[in-house]
Engineer: 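This is the structure, below, for whatever I ask next.
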4 protein chains.
Amino acid sequence: MAEQAFARGAPRVIVAGATGFAGALAAELLWRHPRFELVAITGRSEVGTRLDHLYPRYRVPLTIEQLDLDGLDRIEAAVVAYPHAAAAPTVGALREKGARVVDLSADFRLASLETYERWYGAHPRPDLLGEAVYGLTELHREQIAGAAIVANPGCYPTASVLGLAPLARAGLIADLVIDAKQGISGAGRTFDETTHLSMAGENILPYNVARHRHTPEIEEQLDLLDSGHPGLAVQFQAHLVPLDQGELASCYVTTTRPVTTPELQELYAEAYASEPFIELASEPPGTREVQATNFCRVFAVADGHTGKVVVLSALDNLWKGTSSQAVQNLNVMFGFAETEGLL
Amino acid sequence: MAEQAFARGAPRVIVAGATGFAGALAAELLWRHPRFELVAITGRSEVGTRLDHLYPRYRVPLTIEQLDLDGLDRIEAAVVAYPHAAAAPTVGALREKGARVVDLSADFRLASLETYERWYGAHPRPDLLGEAVYGLTELHREQIAGAAIVANPGCYPTASVLGLAPLARAGLIADLVIDAKQGISGAGRTFDETTHLSMAGENILPYNVARHRHTPEIEEQLDLLDSGHPGLAVQFQAHLVPLDQGELASCYVTTTRPVTTPELQELYAEAYASEPFIELASEPPGTREVQATNFCRVFAVADGHTGKVVVLSALDNLWKGTSSQAVQNLNVMFGFAETEGLL
Amino acid sequence: MAEQAFARGAPRVIVAGATGFAGALAAELLWRHPRFELVAITGRSEVGTRLDHLYPRYRVPLTIEQLDLDGLDRIEAAVVAYPHAAAAPTVGALREKGARVVDLSADFRLASLETYERWYGAHPRPDLLGEAVYGLTELHREQIAGAAIVANPGCYPTASVLGLAPLARAGLIADLVIDAKQGISGAGRTFDETTHLSMAGENILPYNVARHRHTPEIEEQLDLLDSGHPGLAVQFQAHLVPLDQGELASCYVTTTRPVTTPELQELYAEAYASEPFIELASEPPGTREVQATNFCRVFAVADGHTGKVVVLSALDNLWKGTSSQAVQNLNVMFGFAETEGLL
Amino acid sequence: MAEQAFARGAPRVIVAGATGFAGALAAELLWRHPRFELVAITGRSEVGTRLDHLYPRYRVPLTIEQLDLDGLDRIEAAVVAYPHAAAAPTVGALREKGARVVDLSADFRLASLETYERWYGAHPRPDLLGEAVYGLTELHREQIAGAAIVANPGCYPTASVLGLAPLARAGLIADLVIDAKQGISGAGRTFDETTHLSMAGENILPYNVARHRHTPEIEEQLDLLDSGHPGLAVQFQAHLVPLDQGELASCYVTTTRPVTTPELQELYAEAYASEPFIELASEPPGTREVQATNFCRVFAVADGHTGKVVVLSALDNLWKGTSSQAVQNLNVMFGFAETEGLL
């Protein structure tokens, strides 16, 4: 346990912000990764604590340090797991030290500065926006390969856009409702009424009604895919349900023309047949099937009764929704097999 | 505990089918009820077992009997908790003995025999359809008061129609998606992959995709409320989430004309202000807030971004969604205060 | 909902510290109680918040106030739900205003000042220790009836001592191991790693190993019951398990002489047959059977293989373990039926 | 996903009884194992079903077959996951075909035929008892290396005996209480009141009071370790708690002489310092820390108050308690690194 096995000459990587759920899992995945050398983990709190004491299930025997860019030796890669707005300056600093960065925050996800500022306030480093690539691996693999900054998608956009991309590309989405449900790990290492087992347990809780920050991210990505139908306003609603890791996006699509289930199956098979991490389910997928994996499991059906298309997209919000997708992106960025360290 | 306190001359009631979750809770509620005398509980299995042994949390010291209509003394009321199609003949027989019946099955919920037979097969007692009243108390109180047979609504239709009735009555629903989530008790005393904690736990599971039997029930009720817009095809999708009792219907309404949130608030206040069991929530309601109660908690908001209306309707699927609503209906049928035995 | 029904001339009661789990439930139970008038609820935080906003499941429409003893009208009773050491001064002040107090803290549970100070530090009001009665209703009913201060027991001592009292009184306990398990509500409204669903879920967590503060309380109570065997050192160990409300004390007793199961049954029946809130189980009791009730369910068996006696004692840590027992004590103190407001 | 990566010339292994939780996980672990070739999985039900349809989270694309010993090619190893008494004949038949077998049932765990027959009834193959080695890897590694039949231990004995072995070897156990708690997966693919989420959830349930079949297994193993203190009668009690995978054995030891915590630490470090799968915890271990791993995490402390020693031993009942320990044993039997396929 005490030694990390990695290839000689492996890229040296750090995780900045390893105390939260996302950063800690990224550290765990990189520690076990055969191709990267995890050389440091940093935090804005818990400095001096070993990660395997903070998260005993993650057997990473490194000690959380304060981020000291000058003290760090040559770093080739970094995962930044800071809150929105706090991330951008650190991403910039790491970038200037020569590291290629996967940023887990929202800071570089939106191409439109205006949209960003409407939802998150002033952007600390708008100058870097142009350098960033949206890290939904399956859709932007080629750009990610050469990117200096990869904006790792939000978990809801990952599930939603992967579920909807074949429809969007085919110009089939006329109207769209996304009802998403997520386990409590989605709230992160936050200690409040939302996460207390005696409050979150035995509960189904809708939140951020009619104003979730992931909405513009989904809209922007769908727009990119469907140049013919710009400006679709997506009805997105999130809910917390009492489990740890798991997320389901149930998407209800009013189509631009009638579609049949066989047609959908063909469309999705074409889009995803060779994707290592997309599973086309033969039954409606439960999130348990993808827990603690980088898989996204998708099921699409045309409802003969209403004429709508229902797409169900399941993933683990902490894994494919966040940290394992970051590793998938690092694999692409450094030319490794995309599944390396993830199966 | 061993004695039931009831008023002298209280109506004598039985529960037929007390071994399932719904019947057992109905028995518990009627046992504790100050106005009814629970004189027998029957089952098609577990005959000879005391209910408080089968369900130790329900302290009802009665023994489950085989249903013997001739052996029963004068019965004024019955709750029938049988599976669909099995219920109708028993409802009929009890009716012929003079009892007024609340039927928890789907057998008398649909006014249209054709719709029933499309979803459930041949109807065993179509002759009784005309006698039955749909038991959504808040909407059909007056008819229920005089009814011989009350068809207790499904849990999803209860949450959905209560959430949507003010909009339907105002002719505001142009298109409708309902995404419903429910705890595992919704699967009843069924022992399989759906209910095993090691399979249902840490899972979010969509089921009956594009073909849930509650859909026509919701459609029929909404049609009744909105004579101007018949034949709306409702997109309804159900999910199981890992809790015991609780249900949330998230309703996404494309409106026939623009609506504002204040207008919605007025509409809902007008509809529900004097309802003892409808709570108009000031925050998006979690199901935990209504667990083990007969309350339905409703929240409606206009989404300025999409123009749609979002309605969130929370209840306990076993209580207001099933058994306590049956008691609410019995209260109405026998002229008691509607809240009797339920607060 | 908006009006409390209580008898004319009902004792006026307040709950001090209504923001925590225990105080909030005490307020809920007293609000619904037919014999007490809940006139105020106070808190050291959340002043100005309505209790039904802080805890939507408790439909108590009172606003949390700062405790102002002078501003309060004639108060006959109070429940104090403050942390240990913080409670005693408030109990004293209320006492001086003429109220009879049930204190949920540990401040008046231990007769021995020395023991208190070893576990909790300096006692703020040692002068009041003599006035306090230990509020395990079933064991000290007569003293409680006349008491000015009732020290409501800890939840673990309630389960343990109720389970063991018949053995202790018979002088049968030679050695004793208590292994107790509790739901997460036992940690209270504490927001940390212990209560976060993503950390407490899927976990079984032993805590306070070999040093739980409830140990001396159990020892003192068992000593009182068994004058012939003073000074028994009890091996007590607590665990958190992933549910909300529920507690099981599994007690392993090395007996002073061989005992048979029929003998145990007689002993327990004699002790508890007429107790309204003790249920002698015919099967090993699960905590679900007593959730949200004031019942304690007890099962005792002699193990022929080891010669030891196993006692299993189940209750709801927040109800019989805390708040509903406080109401049971108030019923006794004010001469009401002991079950009033609790069935 | 569709191809298994294994070394050329890897031992060919089958899993007999792959439909239950234990067999399915064994199949998953062997499918992913770099040194074994999983050539077939069999079942007594679900023949013709693919394992990844029965257990979607296990991505094993093999189809469940009927066990046909004659039809199977050269098999070098087998895991048998059959119920007690059903296993022995199949183990015998596989043995006769030349396979080395790890048996997950109790059939070969007890050296004493008399003890077996007292707890399980007639033994189907007593002739094979002499060939079997008890598969608690850490204690019997050398014998396992050469064994034809390895009796994989019960999950409770694994946790208990690993926790207690250092004390037993030192002759320190004078009296012993083991209170064990386990997640619902311990009940296996059983569909009944024990596993239904609406019954097992929000519950702590003691079971098999004073008569658990794992007791004699623990006693026999402790006897083997402590030749000086034969015939210790162990007080063992099991409980189900509402999680999926996880088990904690809380052991309360009355010692033969006074022991200090530093002495314990030395004793345990000596016993386990070089064990790859035993973690000596610095804090009381939660089961979450070892979920889905082959680790057993142990914590021992002397209680100055009672003089007893408390040992807490945590593992995943399905992994180290069952299936991953089977793989650990196969690694030893075939001369692979013990951690192969398990980290």
Engineer: Report yes if the side chains of Thr254(C) and Asp175(D) come closer than 4.5 Å at any heavy-atom pair, otherwise no.
Structural biologist: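 Yes, close enough: below the 4.5 Å cut-off.
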
Engineer: Heavy-atom count around Glu117(C) CD within 6.0 Å, excluding the residue itself: above 12?
Structural biologist: yes

Engineer: Identify the heavy atoms of Val209(C) and Pro284(D) that sit nearest to each other, and give their distance.
Structural biologist: CG2-CG, 3.4 Å

Engineer: Evaluate the side chain to side chain contact (heavy atoms under 4.5 Å, CB included) criterion for residues Asn203(C) and Gln291(D): first the C-alpha distance (whole Å), next the side-chain angles of each, then the deciding distance (0.1 Å), finally the verdict.
Structural biologist: CA-CA 9 Å; Asn203(C) 204 3; Gln291(D) 199 181 38; over 6 Å; no

Engineer: Would you say the side-chain atoms of Glu202(D) pair up with the backbone N or O of Asp244(C), donor to acceptor, closer than 3.5 Å?
Structural biologist: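 Judged by distance alone, yes, a pair lies under 3.5 Å.
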
Engineer: With a 4.5 Å limit on heavy-atom distance, are the side chains of His305(C) and Glu219(D) in contact?
Structural biologist: yes

Engineer: Quick check on Phe299(C) against chain D: is it the side chain, the backbone, both or neither that has a heavy atom closer than 4.5 Å?
Structural biologist: side chain

Engineer: Quick check on the interface: out of Gln235(C), Gln182(C), Met199(C), who has the most heavy-atom pairs with chain D under 4.5 Å?
Structural biologist: Gln235(C)

Engineer: Among side-chain atoms of Gln237(C) and Ser250(D), is any donor-acceptor pair under 3.5 angstrom?
Structural biologist: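 Side-chain D/A pair, Gln237(C) to Ser250(D): absent.
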
Engineer: Taking NZ, NE, NH1 and NH2 as the nitrogens, is one of them in Asp303(C) or Arg211(D) under 4.0 Å from a carboxylate oxygen of the other?
Structural biologist: no

Engineer: Under the 3.5 angstrom rule, does the side chain of Thr287(D) hit a backbone N or O of Ile204(C) as a donor-acceptor pair?
Structural biologist: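 A pair under 3.5 Å: yes.
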
Engineer: How far apart are the closest heavy atoms of Leu205(C) and Pro285(D), and which atoms are they?
Structural biologist: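 In this case the closest contact between Leu205(C) and Pro285(D) is CD1-C, 4.4 Å.
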
Engineer: Where on Leu312(D) is there a heavy atom nearer than 4.5 Å to chain C: the side chain, the backbone, both, or neither?
Structural biologist: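 Only the side chain of Leu312(D) comes within 4.5 Å of chain C.
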
Engineer: Could you have a look at Gly286(C), Gly246(C), Gly183(C) and say which one has the most heavy-atom pairs with chain D under 4.5 angstrom?
Structural biologist: Gly286(C)

Engineer: How long is the gap from CG on Asp179(D) to CD1 on Ile178(C), to the nearest 0.5 Å?
Structural biologist: 11.5 Å

Engineer: Which atoms of Glu283(D) come close to chain C, meaning under 4.5 Å heavy atom to heavy atom: side chain ones, backbone ones, both, or neither?
Structural biologist: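 Neither part; nothing is under 4.5 Å.
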
Engineer: Just so I understand: if I count every heavy-atom pair under 4.5 Å between each of Gly304(C), Pro242(C), Pro206(C), Ala200(C) and chain D, which residue has the most?
Structural biologist: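 The option with the most such pairs is Pro206(C).
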
